[in-house]
Amino acid sequence: MSSGHPDPLASARSSVMHTLHRSYKGALVTRPRPSHVRAATAATAGLALAGAFALPASAGIVDEPISHSAPGAALELAPIGTYETGIFDEGASEIVGYDAGSQRLIVINAAQALVEVLDVSDPAAPVKLFDVPTAGVGSADESTVPGDAVANSVDVRADGLGAIAVEAGDKVGNGWVVFFDARSEDGAPIGAVRVGALPDMVTFTPDGSQLLVANEGEPAEDYSVDPEGSVAVIDVPDALDAPAQGDVAIADFHAFEEGGSLELPEGVRIYGGREDAGTGIPEFPVSENLEPEYITVVGDRAFVTLQEANALAEVDLAGAEVTAIHALGTKDWSQPGNELDPSDEDGGINLGNWPVQGLYQPDAIGSYVANGVPYLVTANEGDTRDWEGYSEVARVKDLGEDGLLPVCEDLADLTADEALGRLNITTADGLSGDGTCYETLYANGGRSFSIWSTAGGQIFDSGAQFEELTAEALPEFFNSNHSESNLEGRSDDKGPEPEGLAIGTVGDSTYAFVGFERVGGVVVFDITAPDAVEFVTYVNNRDFAVSVEDGGALADAGDLGPEGLEFIPADVSPIEGTALLAIGNEVSGSTTFYRIDEADGGPGGDEDGAEDGSDDGGDDSGSDESGSDESGSDESGSGESGSGESGADENGTDDGAAESGDDHGADDGAGDDGADESGADGGELPDTGAGAATLMLTAGALLLAGAAGYAVRRRTA
């Protein structure tokens with residue numbers, strides 16, 4: 001970890017408080033393009049010829065989704081349909097998983113402790129089919145899933161076998177995985193197995209032979225108990241059936257305890273356990289402290305985010321053993337390109353450099369292959385331990401009060417509200433050698449996404465780009481919260497808070513889709529070349545004029561708090577030849593589909609962009625979504641060949657080139673990305689048998705829908 005910093009006053013005078021008045025790298029907040037106007041005109045004419053006719057509107061799609069794109073962006077992203085629960089801020093739509101064979105979307109509804117199955121053969125109008133119950137299911141260990149259990153995550157294998165992570169009513173107890181047939185008529189469970197405490201994420205391996213479970217093992221609120229974190233590796237039968245309890249192996253962290261067979265690398269944060277909380281000295285302090293969050297698979301290895309510890313764990317799947325932990329280092333917010341706005345009371349958007357270190361602390365993780373080399377991709381959300389028994393969170397201006405140690409003298413002039421005073425930091429790191437004051441300030445989260453080698457070396461970080469582009473796209477609601485519309489509500493914490501992640505291939509390019517939990521929306525970057533990453537577009541299906549926490553109608557607000565992202569390749573999409581993105585939004589309780597079209601404004605194309613998206617060329621390349629969303633169902637196309645270690649150091653240095661060709665024998669991942677093995681082709685639109693007049697009606701309606709989906713106007717301050 002970095003510990004030094006330049007002179008804070010010089011840094012503050014030179015670049016802090018620099019108000020952003022420029023366009024972000026020439027990016028455009030889009031207005032209706034000429035092509036869209038032509039489409040709308042044609043649609044109106046067609047409907048006039050056909051007589052009075054109106055398309056039903058999707059209540060969850062706002063009138064004017066925010067759209068902010070790079071010049072000549074290769075992709076266009078547009079919301080087309082939503083399923084709404086009407087439940088606000090209770091996690092009614094969190095994680096989603098797609099089954100191509102049945103064209104169904106499986107949605108975790110934590111608010112009602114159930115799993116909802118949607119028919120998405122028409123993604124513009126999702127329809128609920130039934131719920132998958134988990135309460136009362138008998139487990140292979142002879143226990144029964146209780147009525148107060150909570151569903152956390154879901155994944156669907158290529159043949160329709162579904163798996164649900166189920167947390168015990170008392171989260172410190174061991175949880176379950178419940179199995180079901182996603183293509184059945186009623187979703188009746190077919191069995192369960194017992195796993196570790198607080199199973200928070202499940203994902204099938206690309207070949208479908210194993211299911212992996214991140215057992216987070218959070219402490220009790222009072223720290224009376226702090227379960228060990230672990231990863232369950234479950235051998236799954238080929239048939240649509242639940243495994244036996246003997247098929248469950250637990251990969252733990254005991255080897256990294258003091259005196260163990262493996263060394264815990266410097267920089268892995270071990271803090272805030274029962275000893276710090278004053279409730280006992282654990283036998284396995286490292287194991288209790290590490291909390292697996294999210295998993296991606298690369299060949300015969302899994303990579304797991306240890307969010308609070310700011311690290312990645314590497315798991316050998318054949319032996320069900322954790323073989324390595326990689327510390328991720330820190331982000332230096334004092335360096336050019338790493339600007340942030342650290343205050344919600346500084347009078348506006350002020351991005352600058354500050355003497356602060358950022359802990360990346362990724363949530364979601366995915367993987368893909370570029371030129372035969374596998375890479376890891378993380379959404380650097382940040383997280384803290386903030387419990388009744390122990391909390392690490394404090395504002396900079398509160399250091400030195402209420403029993404907290406002060407900042408060291410060279411930081412004392414930066415504790416005003418308009419400087420660093422409002423910034424929330426961790427008190428677990430940064431003390432001087434003599435333990436008398438905080439000489440380094442550590443903030444939680446990177447406000448970015450990163451690309452890493454499989455050895456933990458940082459290849460790319462998006463730096464300040466998330467805050468720069470949202471400042472340009474949303475000048476009145478920069479760093480807004482998700483439950484209410486405001487300006488800078490999250491500047492003092494983790495900014496836009498990137499949490500969800502999906503990776504997908506469209507045409508010949510690979511893209512990262514990153515969801516912003518707080519301000520909302522999804523940003524797209526072209527990551528085809530890890531050393532030449534490019535911003536593509538940002539779209540937010542949210543109406544900031546409607547603030548639900550202040551009394552606005554939830555149905556009018558759009559999507560709030562995106563959590564789980566699922567990329568659906570064009571070759572298995574309900575819309576033939578068109579890739580989709582499905583997003584579960586935990587605060588608005590809505591599940592929304594976006595269509596992804598290759599734009600005419602891309603390389604060699606017309607800058608006006610595609611009028612109807614019909615020539616996207618399809619996505620037949622077996623898009624690589626290896627573990628990129630929490631549902632895990634899109635992991636199968638990862639093409640994870642030759643994972644190779646780069647020898648990159650664990651503090652973010654870029655020496656991860658030429659990793660290919662090692663002896664891990666990564667799976668090529670072909671064809672397992674949720675495609676129906678019985679030959680489903682992604683679902684052609686039905687033949688209506690209509691005559692010329694009906695076809696004219698249909699064409700006009702489709703043109704109008706296309707115009708409505710794409711036509712967005714510029715939003716200004």
Side-chain angles (χ1 to χ4, degrees), residues 1-6 8 11-12 15-16 267-269 271 293 305-312 326-344 350-365 377-386 392-396 399 407 411 414 419-431 438-452 456-468 470 479 490-499 514 516-518 650-654:
M1 282 191 178
S2 302
S3 59
H5 53 75
S11 176
S15 58
V16 165
V268 177
R269 303 178 73 228
Y271 72 102
E293 188 83 25
T305 54
L306 306 174
Q307 188 170 25
E308 292 84 353
N310 195 38
L312 299 176
H326 306 292
L328 297 181
T330 61
K331 180 171 185 169
D332 189 345
W333 291 111
S334 71
Q335 294 302 306
N338 285 347
E339 292 75 21
L340 84 162
D341 188 331
S343 176
D344 58 344
N350 293 289
L351 295 172
N353 296 112
W354 294 93
V356 176
Q357 296 293 310
L359 299 164
Y360 291 103
Q361 296 180 310
D363 187 329
I365 185 173
V377 185
T378 59
N380 303 322
E381 177 197 25
D383 203 4
T384 60
R385 294 201 165 102
D386 190 13
E392 65 179 295
V393 183
R395 293 193 189 276
V396 172
L399 297 178
V407 295
L411 295 173
L414 297 176
L420 293 177
R422 297 284 298 170
L423 182 66
N424 282 309
I425 53 95
T426 175
T427 58
D429 297 288
L431 284 175
Y438 284 95
E439 66 178 3
T440 305
L441 303 176
Y442 289 92
N444 298 93
R447 307 190 187 197
S448 64
F449 86 102
S450 296
I451 300 176
W452 312 84
Q458 191 178 79
I459 308 301
F460 167 83
D461 184 73
S462 60
Q465 292 183 75
F466 286 176
E467 284 189 283
E468 287 179 340
T470 52
N479 280 347
R490 299 296 294 180
S491 288
D492 57 327
D493 210 324
K494 303 165 196 168
E497 209 155 319
E499 179 177 18
V514 182
F516 294 156
E517 182 182 7
R518 297 294 175 162
E650 296 170 358
N651 291 316
T653 56
D654 179 359

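The side-chain heavy atoms of Leu441 and Val407, taken from C-beta on, include a pair separated by under 4.5 Å. Contact check for Trp333 versus Asn353: no side-chain heavy atoms found under the 4.5 Å cut-off. Between Asp493 and Arg518, the closest side-chain pair of non-hydrogen atoms is not below 4.5 Å. Residues Gln307 and Glu381 meet the side-chain proximity criterion, which asks for heavy atoms closer than 4.5 Å. Two residues are said to be in side-chain contact when any heavy atoms from C-beta on lie closer than 4.5 Å; Thr440 and Asp429 fail this criterion. Using a 4.5 Å cut-off on side-chain heavy atoms (C-beta onward), Ile425 and Leu420 make no contact.
When the salt bridge (Lys or Arg N to Asp or Glu O under 4.0 Å) test is applied to Arg395, the partners found at least two apart in sequence or on another chain are Asp492. Asp461 is linked by a salt bridge (Lys or Arg N to Asp or Glu O under 4.0 Å) to Lys331, counting only residues two or more places apart in sequence or in another chain. Under the side chain to side chain donor-acceptor pair (under 3.5 Å) criterion, Asp344 pairs with Arg422, not counting sequence neighbours.
Ser450 and Asn380 share a side-chain donor-acceptor pair at under 3.5 Å.
To the nearest 0.5 Å, atom CZ of residue Arg447 and atom CZ of residue Arg490 are 9.5 Å apart. Distance check, rounded to the nearest 0.5 Å: OG1 of Thr330 to CG of Asp332 gives 7.0 Å. In this structure, the separation between CG on Asn479 and CD on Glu497 is 10.0 Å, given to the nearest 0.5 Å. The distance from the CG atom of Leu328 to the OH atom of Tyr360 is 8.5 Å, given to the nearest 0.5 Å. Atom-to-atom distance recorded for Asp341:CG and Glu468:CD is 12.0 Å, nearest 0.5 angstrom. Here the OG1 atom belonging to Thr384 is positioned 8.0 Å from the CD atom belonging to Glu308, to the nearest 0.5 angstrom.
In this structure, Ile459 and Trp452 approach most closely via the heavy-atom pair CG1-C, 3.9 Å. For Thr378 against Pro362, the heavy-atom pair with the smallest separation is CB-CB, 3.4 Å. Between Ser343 and Ser491 the shortest heavy-atom distance is O-CB, 3.3 Å. For the residue pair Glu392 and Asn444, the shortest heavy atom distance occurs at OE1-ND2, 4.2 Å. The two residues Leu411 and Glu439 come nearest to each other via the heavy atoms CD1-O, 3.7 Å. Scanning both residues, Pro342 and Ala419, for their nearest heavy atoms gives CG-O, 3.7 Å.
Looking at Thr305, its side chain never comes within 3.5 Å of a backbone N or O of Leu312 through a donor-acceptor pair. Side chain of Gln361 to main chain of Asp383: a donor-acceptor pair is present (N/O by atom type, distance under 3.5 Å, no hydrogens or angles). Asp363 places no side-chain N or O within 3.5 Å of a backbone atom of Glu499 that could act as its donor or acceptor partner. Gln465 places a side-chain N or O within donor-acceptor distance of the main-chain N or O of Ser462, the cut-off being under 3.5 Å. Remark: side-chain polar atoms of Asn310 are paired, donor with acceptor, to backbone N or O of Gly329 under 3.5 angstrom.
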Determine, step by step, whether Leu431 and Tyr438 satisfy the side chain to side chain contact (heavy atoms under 4.5 Å, CB included) criterion, reporting the C-alpha distance in whole Å, the side-chain angles of both residues, the deciding distance to 0.1 Å, and the verdict. CA-CA 4 Å; Leu431 284 175; Tyr438 284 95; 3.7 Å; yes
Go through Leu423 and Trp354 one step at a time and tell me if the side chain to side chain contact (heavy atoms under 4.5 Å, CB included) criterion holds. CA-CA 11 Å; Leu423 182 66; Trp354 294 93; over 6 Å; no
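Ring pair Phe449/Phe466 is parallel by interplanar angle, where below 30° counts as parallel and above 60° as perpendicular.
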